[in-house]
Amino acid sequence: MGRAARRLRIMVALVFAVQVICAVFFVSEILASVLGLPVGPLDWHVHELMEIGAALGLILGVVFGFFILRIVMARSAAVESQLRAASGAFMELLEERFDDWSLTPAERDVALFAMKGLSTSEIAALRRTSEGTVKAQSNAIYRKAGVSGRSQLLSLFIDDLMGDGLVGQPG
């Protein structure tokens, strides 16, 4: 975990703690009043200072909460953007490989469905064709890609995404 993330967690914990303490103060005071519980004698100056402190604590909690929420929302947007970029990069990689292998449009569809984990019968139903046709197209895809099956086909793309520097090197 990075330093900024650690700092954010500490800030969130502090804001939460201050708000809990302030809430406990106000709720205990209301309960004592409603239930008629005896409260030890407190100078009214001290009592007023405690209420002011609790109110300030709640206000600070709201202000810090707002800034923390903005930070979290910005990070979420950045992660979503990175995910879209990665998804786009994966689709570009698929198209590039499919072009290299000279796959037909039908073979491209079958390859995508197969990599998504659909069964031969499911692919046939989606494409409104026979299972034999899907099997023939799958075999053509595997032959053109130089692999023997689905798992090896998917592995080609995973290897590309991981980068050549990480694959095939002894640990």
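With a 6.0 Å radius and a threshold of 12 heavy atoms from other residues, nucleotides or ligands, Phe16 has its CZ atom at or below the threshold.
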Considering only distance and modelled atom types, tabulate donor-acceptor pairs under 3.5 Å from the side chains of residues 25-42, sequence neighbours left out.
unit_1: Ser28; atom_1: OG; unit_2: Val24; atom_2: O; d: 2.9
unit_1: Ser28; atom_1: OG; unit_2: Phe25; atom_2: O; d: 2.9
unit_1: Glu29; atom_1: OE2; unit_2: His47; atom_2: NE2; d: 2.2

Side-chain donor-acceptor pairs of residues 53-79 under 3.5 Å, sequence neighbours excluded:
none

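Atom CD of Gln137 is separated from atom CG of Asp109 by 8.5 Å, given to the nearest 0.5 angstrom. Atom OG1 of Thr120 sits about 13.0 Å away from atom CZ of Phe113, to the nearest 0.5 Å. Distance check, rounded to the nearest 0.5 Å: OG of Ser138 to NZ of Lys135 gives 9.5 Å. Taken from CD in Gln152 to CZ in Phe157, the straight-line distance is 13.0 Å, to the nearest 0.5 Å. In this structure, NE2 on His45 lies 8.0 Å from CG on Leu49, to the nearest 0.5 angstrom. Annotation: the span from Arg6 atom CZ to Met11 atom CE amounts to 15.5 Å, rounded to 0.5 Å.
Linking Ile, Leu, Val, Met, Phe, Trp and Tyr whenever their side-chain heavy atoms come within less than 4.5 Å leaves Val12 and Val18 in two separate clusters. At a threshold of 4.5 Å between side-chain heavy atoms, the hydrophobic network of Ile, Leu, Val, Met, Phe, Trp and Tyr places Met91 and Leu83 in two separate groups.
Residues Glu131 and Ser121 come closest through the heavy atom pair OE2-CB, 3.3 Å. Heavy-atom minimum distance, Ile141 versus Ala111: CD1-N, 3.6 Å. The nearest pair of heavy atoms linking Lys144 to Leu103 is CD-CD2, 3.7 Å. When all heavy atoms are compared, the tightest approach of Glu122 to Gly117 is OE1-O, 4.4 Å.
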Quick one: do Thr133 and Arg127 satisfy side chain to side chain contact (heavy atoms under 4.5 Å, CB included)? Show the steps, please.
CA-CA 10 Å; Thr133 301; Arg127 300 207 67 251; 5.6 Å; no
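The side-chain contact (heavy atoms from CB on, under 4.5 Å) test with Val110 is passed by exactly one of Thr129, Leu126, Val134: Val134.
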